[in-house]
Number of protein chains: 2
Amino acid sequence: MAILGFLRDFPLHGYDLKNRVASLAGHVRPIADGTLYPTIKKLEDAQCLTRRTAPGSVAAPRHMLEITQTGTDQLRRWLRDPEPGFITDDNKWYVLLAFLHHLENPREQALVLSRRREFLDQPAQLFFDAAGAPIPPELLESPFRKGLMQIHRSTNLTEIDWLDRQIAELNQRAGYAVRQRGGD
Amino acid sequence: MAILGFLRDFPLHGYDLKNRVASLAGHVRPIADGTLYPTIKKLEDAQCLTRRTAPGSVAAPRHMLEITQTGTDQLRRWLRDPEPGFITDDNKWYVLLAFLHHLENPREQALVLSRRREFLDQPAQLFFDAAGAPIPPELLESPFRKGLMQIHRSTNLTEIDWLDRQIAELNQRAGYAVRQRGGD
DNA sequence: TAGATATACATCGGCTCCGAGGTTTAAAAA
DNA sequence: TTTTTAAACCTCGGAGCCGATGTATATCTA
């Protein structure tokens, strides 16, 4: 998804892609050569991208990669209907968010944000005692577990706040677009 | 790490472990049977845990798992000197945090927190233009990328704040312990 | 009493990804 | 001039994990 997402902005060669994916770091660990190049080949075989050999600006020749219509469609499908992990796994979610603007319909964008919003709404019960009963944060002995839950709650609230504002804005824009087209 | 970490609190059987790991969800995706049971066997072969067959409380007999001294040592090594991914990958970091109390020395605990603190200090440069120059958040066209960076900064500050307070407290406690032993 | 459900454990094929190694090309350093 | 460094690409073996599938047992439901 990150490969096609970056290529959707402008053509890039593999080495450049690698650095861009790596610098989403903190969210995504740097991608290894052994992952990147086979994946590029796979996307090429699936006609999601084309490559043109160009002279390297500094050294060895580059393979400039360009996304195709098929690739754009694939990217949009991934964004529109993301696998569960892309909603529940923070790392994956942030990747999705980084490219969600490529899904041009605001209503569809809002729908994806809503899925995340719904996920964040679930109360986090992280720790249980020997009998299986949940332990409330204030009864946790470990200050690290206490901090973990504090941070979790706080960051969740931050994101929920942003999500709600964003969803409202997107829906408003979608509604406005509908009214402009003269009807529902 | 999660398996040994949970077992360090009290003995558990595989099925129970599975649920406990799964309910760290949001941070960790539920662990699959095909992952859990081979891992348990691996830990048993490495003498990190022992199993006793006990009658199941509801149905089939259980294998009650108990951590050994070897297992405790292994867990402490993992916690004391975590692989880079456990510092930089949020999911893994939260797992580590959930069991850091098993590393009993406050100075060692503070050291681990400091590694995370140092990582969070790095300024996040997530997006670059076609020429390779970093794009400042306010110039990003995508509201999602803007939100991504906002959330990232905000949650980082929250965690940094907690880390600083926690590190200070741990170092104070370590210093107090040293003074009590009558030394340096 | 038959089937469905939940507990509890286990295996196996397949997929993804990584890390180590290797190649080519140009520029910089020795 | 030779070596080193950095850019740029590629491959292969192995590790880790998942999903499907299967087994046994006790309880709940039809």
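Below, read A as the first sequence line, B as the second, and so on, with proteins coming before strands; counting in each chain starts at 1. Keep in mind the model is a prediction, meaning the values are calculated, not measured.
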Original post:
Among C:dT16, C:dA8, D:dG19, which nucleotide sits nearest the side chain of B:Ala32?
Top reply: D:dG19
Original post:
Judged by modelled atom types alone, do B:Asp90 and A:Asn91 share a side-chain donor-acceptor pair under 3.5 Å?
Top reply: no
Atom-to-atom span, [atom1] of [X] to [atom2] of [N] - whole angstrom:
| X | N | atom1 | atom2 | value |
| --- | --- | --- | --- | --- |
| A:Tyr15 | C:dT25 | OH | P | 18 Å |
| B:Ile31 | C:dC9 | CD1 | P | 13 Å |
| A:Arg20 | D:dA8 | CZ | C1' | 16 Å |
| B:Arg62 | C:dA8 | CZ | C1' | 9 Å |
| B:Ile40 | C:dA10 | CD1 | C1' | 10 Å |
| B:Arg52 | C:dC9 | CZ | C1' | 17 Å |
| A:Tyr37 | D:dC12 | OH | C1' | 16 Å |
| B:Leu36 | C:dT11 | CG | P | 12 Å |

Subject >> Ring-ring centroid check A:Phe99 A:Phe6, cutoff 6.0 Å >> reply: yes
Original post:
Checking all strands, does A:Lys18 fall into the base, sugar-phosphate, or nothing category for heavy-atom contacts under 4.0 angstrom?
Top reply: nothing
**OP:** For B:Gly14, report the nucleic acid contact type (base, sugar-phosphate, nothing); a contact means any heavy atom under 4.0 Å.
**Re:** sugar-phosphate
**OP:** Decide yes or no on side chain to side chain contact (heavy atoms under 4.5 Å, CB included) for A:Ser23 and B:Gln125, but give the supporting numbers first.
**Re:** CA-CA 7 Å; A:Ser23 65; B:Gln125 265 308 339; 5.9 Å; no
Subject >> Toward the 5' end of DNA chain C, by each residue's nearest nucleotide, A:Ala60 or A:Thr39 >> reply: A:Thr39
Subject >> B:Tyr15 six-ring centre to B:Arg62 NZ/CZ under 6.0 Å and within 45° of normal >> reply: no
**OP:** Report the residue (A:Ala59 or A:Asp33) whose heavy-atom-nearest nucleotide on DNA chain D is the more 5′ of the two.
**Re:** A:Ala59
Please tell me if [X] has a side-chain N or O lying less than 4.0 Å from either OP1 or OP2 of [N].
| X | N | answer |
| --- | --- | --- |
| B:His63 | C:dA8 | no |
| B:Arg51 | C:dA10 | yes |
| A:Lys41 | D:dC9 | no |

Original post:
Below 4.5 Å, heavy atoms only, C-beta onward: do A:Tyr94 and A:Leu24 meet side chain to side chain?
Top reply: no
